[in-house]
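Inspection log for the structure reproduced underneath, given as structure tokens.
Quick note: numbers below take in every heavy atom, side chains included, and nothing from hydrogens, waters or symmetry partners. In listed order, ligands and their atoms are each counted from 1.
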Amino acid sequence: MTQRVLVTGGAGFIGSHTCVALASAGYVPVILDNLGNSDPRVLERLRQITGSTPKFIEGDVRDRALLARIFSDESFSSVIHFAGLKAVGDSVADPLAYYDNNVHGSFVLASAMRDAGVNTLIFSSSATVYGEPESSPIPEDAPRRPANPYGRSKLMVEEALNDLYRSQPGWRIALLRYFNPVGAHESGLIGEHPQGKPNNLMPFVCQVAVGQRDRLQIHGNDYATADGTGVRDYIHVMDLAEGHVAALKHAQNHGELVTLNLGTGKGASVLEVVQAFERASGRSLPYEIGPRRPGDVPAYWADPSLAQATLAWQGHRSLDQMCVDSWRWQQANPRGYG
Ligand code: NAD
Ligand code: UDP
């Protein structure tokens with residue numbers, strides 16, 4: 001029987017790519033999104049890629065009555081919960097908004113699932129829960145010391161879901177800690193389009209390459225890394241999307257809670273990303289070296305071995321591929337879906 005999966009935040013960056021991966025694995029995604037950080041025109045793009053427009057419910061995960069109605073009107077095998085806020089700086093400026101959306105929203109969702117007897121949940125957590133790690137690669141049992149309200153909101157939900165799992169038999173939960181998702185679907189039809197000035201490296205690089213911004217500012221080149229610039233574990237968003245399908249299958253086949261790092265296990269520096277993007281785009285990328293960004297961790301990358309062993313999955317698309325696909329999306333859609 002075809003399985004319907006409720007995808008909260010499914011109109012967003014990672015959610016939309018996961019809808020593609022779900023559809024190609026034979027699942028039927030149903031999107032719940034308040035469009036706070038996304039564009040409904042993504043639905044038509046999903047139709048072009050998958051051949052069918054996913055059902056879309058415009059609404060907020062914190063709306064208890066809506067959630068009750070959604071679960072009573074149709075049946076779902078499982079939920080993938082992406083909906084939330086994700087800007088670290090904003091979370092410092094307005095922590096209550098982050099706890100309300102990310103923590104309260106997850107509680108409303110989990111309560112509605114419990115009431116409806118839907119007990120399979122995949123949750124978007126983040127490597128931010130580790131804070132500044134003692135060393136890399138980071139295994140899942142490394143200390144969790146998030147350094148900002150965003151990271152703490154993710155850790156609170158992880159802990160609450162652990163308690164829920166212990167309290168009631170039958171829950172099947174995967175807590176997925178993403179490292180740095182970048183890239184776009186290979187069609188160039190869907191991708192990431194941040195509102196306003198991008199905070200993250202790859203969207204900024206894309207906007208410089210396409211001429212929307214003068215130059216990249218590299219936030220420090222005096223770190224104790226090979227070339228002095230910050231190192232992160234970039235993972236292609238389609239690898240991440242496929243990781244969700246693998247986690248969903250695992251959860252459905254094993255009545256357990258798993259906590260897994262989704263990263264590649266390889267770090268790349270800012271300068272390596274710039275060089276890979278120059279190869280991908282054939283353009284030279286103007287940049288300048290600026291001061292360190294306050295709060296930045298110099299370098300970290302995942303130990304993805306538990307995820308690889310548990311899910312029989314791994315991120316295999318290269319940094320070059322991430323840049324090629326980001327560039328294809330950016331060139332074809334310089335203003336996002338508009
Ligand atoms: P995104 O902003 O593109 O997608 C989130 C989606 O959720 C958006 O479409 C937004 O409109 C929707 N949304 C937000 N609050 C909502 C609410 N209360 N009710 C309904 N819909 C709501 O972000 P993304 O990059 O796709 O991230 C998805 C998830 O992954 C988030 O939970 C984020 O914290 C987590 N995550 C992202 C990254 C990253 O670097 N992108 C890294 C680690 C974890
Ligand atoms: N970075 C940069 N210039 C930018 C944006 C980011 O040099 O305009 C650097 C940042 O200091 C970090 C890396 O790129 O070393 C990745 O930053 P991003 O914000 O994408 O991810 P995060 O730091 O949240 O892991």
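Remark: distances from the non-hydrogen atoms of Val61 to ligand 1 include one below 4.0 Å. Assignment of Tyr300 to the shell around ligand 2 is supported, since a heavy atom sits closer than 4.0 Å. Residue contacts with ligand 1 leave out His81, since none of its heavy atoms falls under 4.0 Å from the ligand. A heavy-atom separation below 4.0 Å is not found between Asn180 and ligand 1. Under a 4.0 angstrom heavy-atom cut-off, Tyr287 registers as lying outside contact with ligand 2.
Across the listed options His17, Lys86, Met202, Arg177, Lys86 owns the non-hydrogen atom lying nearest to atom 24 (P) of ligand 1. Of all the listed residues (His219, Arg232, Arg292), His219 holds the heavy atom that lies closest to atom 6 (C) of ligand 2. For atom 5 (C) of ligand 1, the candidate residues are Gly84, Gly59, Gly15; the nearest heavy-atom contact is made by Gly84. Residue nearest to atom 18 (N) of ligand 1, selected from Asn101, Val88, Val237: Asn101 (by heavy-atom distance).
Leu257 approaches Leu161 most closely through the heavy-atom pair CD1-O, 3.8 Å. Summarising the geometry of Leu67 relative to Ala112, their closest heavy-atom pair is CB-CB, 3.7 Å, with the distance given to 0.1 Å. Here the shortest heavy-atom pairing between Asn261 and Tyr130 reads OD1-OH, 2.7 Å. For the pair Trp313 and Asp239, the tightest heavy-atom approach, listed with the atom from each and the gap, is NE1-O, 2.9 Å. A pairwise comparison of heavy atoms in Tyr223 and Pro298 identifies CD2-CB, 3.5 Å as the closest pair.
Within the listing of ligand 1, atoms 31 (C), 32 (O), 33 (C), 34 (O) sit less than 4.0 angstrom from a heavy atom of Lys154. Listed by atom number, the atoms of ligand 1 under 4.0 Å from Asp60 heavy atoms are 17 (C), 18 (N), 19 (N), 20 (C). Every atom of ligand 2 is numbered from 1 in the order shown, and the set under 4.0 Å from a heavy atom of Asn199 is 5 (C), 19 (O). Atoms of ligand 1 lying under 4.0 Å from at least one heavy atom of Ser124, given by number and element, are 29 (C), 30 (O), 32 (O), 35 (C). Shown in contact with Tyr150 at under 4.0 Å from a heavy atom are these atoms of ligand 1, numbered in order with element: 33 (C), 34 (O), 35 (C), 36 (N), 43 (C), 44 (C). Taking every non-hydrogen atom of Ile218 and a distance limit under 4.0 Å, the qualifying atoms of ligand 2 come out as 7 (O). Close contacts between ligand 2 and Tyr234 involve ligand atoms 13 (C), 16 (C) [criterion: under 4.0 Å to a heavy atom]. Which parts of ligand 1 touch Ser38 is read off a 4.0 Å heavy-atom cut-off, strictly below it: atoms 8 (C), 9 (O), 11 (O). Each of the following atoms of ligand 2 lies closer than 4.0 Å to a heavy atom of Asn180: 21 (O), 22 (P), 25 (O).
Ionic pairing of Glu158 and Arg177 is present here: one or more N-O contacts between side-chain nitrogen and carboxylate oxygen are shorter than 4.0 angstrom. Here Glu44 pairs with Arg47 in a salt bridge; the nearest charged N to carboxylate O distance falls below 4.0 Å. A salt bridge links Arg317 with Glu242: the distance from a Lys NZ or Arg NE/NH1/NH2 to an Asp or Glu carboxylate oxygen falls below 4.0 Å. A salt bridge does not link Asp63 to Arg69: none of the charged side-chain nitrogens sits closer than 4.0 Å to a carboxylate oxygen.
Looking at Gln195, its side chain never comes within 3.5 Å of a backbone N or O of Asn37 through a donor-acceptor pair. A distance-only check finds a donor-acceptor pair linking the side chain of Ser136 to the backbone of Trp301 [under 3.5 Å].
Counting heavy atoms under 4.0 Å from ligand 2, residue Val297 does not touch it at all. Contact annotation: for Ser125 versus ligand 1, heavy atoms closer than 4.0 Å belong to the backbone alone. Only side-chain heavy atoms of Asp296 come within less than 4.0 Å of ligand 2; its backbone N, CA, C and O stay farther off. Under 4.0 angstrom from ligand 1, the non-hydrogen atoms of Arg62 all belong to its side chain. Heavy atoms of Val270 found under 4.0 angstrom from ligand 2 belong exclusively to the side chain. Contacts with ligand 1 closer than 4.0 Å are made by backbone heavy atoms (N, CA, C, O) of Leu35 only, the side chain lying farther away. Contact annotation: for Val273 versus ligand 2, there are no heavy atoms closer than 4.0 Å. Neither the backbone nor the side chain of Tyr223 has any atom closer than 4.0 Å to an atom of ligand 2 (non-hydrogen atoms only).
Ring geometry for Phe71 against Phe76 counts as perpendicular: the plane angle is over 60°, on a 0 to 90° scale with 30° as the lower cut.
Side chains of Arg45 and Asn333: a donor on one and an acceptor on the other come within 3.5 Å. Using a 3.5 Å distance cut-off with no hydrogens or angles, the side chains of Thr264 and Tyr234 do not pair a donor with an acceptor. For the residue pair His236/Asp325, the side-chain donor-acceptor check at 3.5 Å is satisfied. Residues Asp320 and Ser318 have side chains that never bring a donor and an acceptor to within less than 3.5 angstrom of each other.
Ring centroids of Phe277 and Trp327 are separated by less than 6.0 Å, placing the two rings close together.
With a 4.5 Å cut-off on side-chain heavy atoms, Val108 and Asp60 do not count as touching. Here the side chains of Phe82 and Phe13 are not in contact, with every heavy-atom distance at 4.5 Å or above. Counting heavy atoms from C-beta outward, Arg213 and Pro198 have side chains that approach closer than 4.5 Å.
The distance criterion of under 3.5 Å between nitrogen or oxygen atoms is met by Gly36 with respect to ligand 1. Residue contacts with ligand 2: Leu201 is placed with a nitrogen or oxygen under 3.5 Å of a nitrogen or oxygen of the ligand (distance criterion only). Inclusion of Phe13 in the set of residues having an N or O under 3.5 Å from an N or O of ligand 1 is warranted. Checked against a 3.5 angstrom limit, the closest N/O atoms of Leu32 and ligand 1 fall outside it. For ligand 1, the polar-atom distance check against Pro181 finds no nitrogen or oxygen pair separated by under 3.5 Å.
Closest to atom 11 (O) of ligand 1, if we only count protein heavy atoms, is Asp33 OD1, 2.7 Å. Among protein heavy atoms, the minimum distance from atom 27 (O) of ligand 1 is reached at Ile14 CD1, 3.8 Å. Of all protein heavy atoms, the one lying nearest to atom 2 (O) of ligand 1 is Asn37 ND2, 2.7 Å. Looking at atom 16 (C) of ligand 1, its nearest protein heavy atom turns out to be Asn34 ND2, 3.3 Å. Closest to atom 30 (O) of ligand 1 among all protein heavy atoms lies Tyr178 CE1, 3.3 Å. Of all protein heavy atoms, the one closest to atom 23 (O) of ligand 2 is Arg293 NH2, 2.9 Å. Nearest protein neighbour of atom 29 (C) of ligand 1, counting heavy atoms only, is Phe82 O, 3.2 Å. When only non-hydrogen protein atoms are considered, atom 4 (O) of ligand 1 lies nearest to Gly12 CA, 3.5 Å.
To the nearest 0.5 Å, atoms CG (Asn199) and NZ (Lys86) are separated by 9.5 Å. Atom CZ of Arg172 sits about 9.5 Å away from atom OH of Tyr165, to the nearest 0.5 Å.
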